[in-house]
Amino acid sequence: MISIYKTVEDELVTVDKIEEGCWVSVTRPTGEELTRLQEELGIDIDDLRAPLDDEERSRIELEDNYNMILVDIPSLDEKDRYVTIPLGIFMTKEQIVTVCLEETPVLKAFENKRVREFYTFKKTRFVFQILYRNATSYLRYLRIIDRKSDQIEEKLHISQKNSELIELLELEKSLVYFTTSLRSNEVVLEKLLRTDRVRKYPEDEDLLEDVIIENKQAIEMANIYSGILSGTMDAFASVISNNLNIVMKFLATVTIVLSIPTMIASFFGMNFDNIPLGHAPHGFYTIIILTLVVSGVVALFFRKKNLF
């Protein structure tokens with residue numbers, strides 16, 4: 001799907017065709033749409049397809065007619081897991097083109113006019129605003145992951161089930177994805193700051209430096225949350241293992257205590273004439289009492305050893 005926007009008299013409007021100073025937003029494009037963009041804007045179709053590959057790495061490509069900036073943005077997949085997907089930003093001489101696999105809040109904020117001082121014809125500033133919005137989105141998602149991990153931890157205090165541990169594992173994987181993507185984005189931002197191919201005004205450089213700061217903060221938060229989550233998982237894994245050992249120890253002790261009556265009953269159940277108490281008037285009751293006493297003594301011993 002191709003949507004074309006343009007700032008007209010400080011108001012973002014939708015236009016029907018690609019014009020000078022417009023923003024072309026491309027989401028889940030078809031082959032025909034990619035061919036149209038190639039013909040009208042002169043962007044290589046392989047570069048247009050790059051953001052549609054989940055495994056594509058963040059980078060900058062400086063071509064003769066355009067510059068391509070590829071960064072990773074946070075997203076939720078169909079199973080509500082936190083992942084990252086590529087976002088391609090193409091700066092031509094007259095337009096800005098964004099290509100993404102799906103609709104993202106990073107771009108929706110611009111489409112819904114929630115970003116101040118946003119103009120489609122100020123291409124460099126617009127690109128830096130997208131990158132800034134992306135960095136703040138990482139921070140927002142990281143806070144959500146932190147809150148979600150706290151909720152799961154509270155559940156684990158009550159009921160230690162595998163499902164909660166699996167949820168923590170998914171969050172830890174998400175943090176690994178975020179950290180890797182943020183570090184790749186950091187390389188892109190540093191290269192943007194150094195390159196002269198992207199024209200930067202003083203206020204644009206300040207905005208780019210803010211983007212770099214936000215990105216570094218997101219990296220630090222991701223590392224901190226990842227360390228906390230990893231320690232939490234290790235701690236609860238040790239608690240669950242310790243609880244299992246306690247249960248197994250208890251069951252082994254109970255088995256030993258219960259085996260005593262079985263052994264005594266087996267001994268007196270032998271088919272011999274000279275078994276002690278075999279013909280005594282109250283032999284059965286005596287044996288029962290003897291069994292209870294021996295079992296009680298063994299149980300008391302284990303109790304003193306904290307095995308019960």
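Note that the numbering runs from 1 along the sequence shown for the chain.
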Hey, does the side chain of [X] reach the backbone of [Y] with a donor-acceptor pair shorter than 3.5 angstrom?
{"X": "N112", "Y": "R114", "answer": "no"}
{"X": "K216", "Y": "E186", "answer": "no"}
{"X": "S25", "Y": "T98", "answer": "no"}
{"X": "T179", "Y": "L175", "answer": "yes"}
{"X": "S181", "Y": "F178", "answer": "no"}

Under 4.5 Å between any side-chain heavy atoms of [X] and [Y], yes or no?
{"X": "K108", "Y": "E103", "result": "yes"}
{"X": "R183", "Y": "V187", "result": "no"}
{"X": "D146", "Y": "D150", "result": "yes"}
{"X": "I144", "Y": "R147", "result": "yes"}
{"X": "F90", "Y": "L37", "result": "no"}
{"X": "V15", "Y": "V8", "result": "no"}
{"X": "L87", "Y": "L107", "result": "yes"}

Roughly how far, to the nearest 0.5 Å, is [atom2] of [Y] from [atom1] of [X]?
{"X": "T180", "Y": "I219", "atom1": "OG1", "atom2": "CD1", "answer": "10.0 Å"}
{"X": "I73", "Y": "I85", "atom1": "CD1", "atom2": "CD1", "answer": "4.0 Å"}
{"X": "L131", "Y": "L208", "atom1": "CG", "atom2": "CG", "answer": "7.5 Å"}
{"X": "E32", "Y": "I2", "atom1": "CD", "atom2": "CD1", "answer": "10.5 Å"}
{"X": "K6", "Y": "K17", "atom1": "NZ", "atom2": "NZ", "answer": "9.5 Å"}
{"X": "L192", "Y": "I60", "atom1": "CG", "atom2": "CD1", "answer": "3.5 Å"}

Check your understanding: Which word best sums up how the rings of F110 and F118 line up, parallel for under 30°, tilted for 30 to 60°, or perpendicular for over 60°?
Key -> perpendicular
Practice item. Can you spot which of E111, Q95, K123 makes a side-chain contact (heavy atoms from CB on, under 4.5 Å) with W23? Key: E111
Point to revise | Closest contact, heavy atoms only, L101 versus P51 | key: CG-O, 3.9 Å
Check your understanding: Would E33 and R36 count as a salt bridge (charged side-chain N to carboxylate O under 4.0 Å, His left out) if you check the C-alpha gap in whole Å, the side-chain angles of each, and the deciding distance to 0.1 Å?
Key -> CA-CA 5 Å; E33 291 172 337; R36 174 193 170 189; over 6 Å; no
Check your understanding: What do you reckon, is OH of Y5 surrounded by more than 12 foreign heavy atoms closer than 6.0 Å?
Key ->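 Result for OH/Y5: enclosed.
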**Study point:** CE (M1) with more than 12 external heavy atoms under 6.0 Å
**Key:**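 Check passes, neighbour count above 12.
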Practice item. State yes or no: are the ring centers of Y82 and Y177 separated by less than 6.0 Å? Key: no
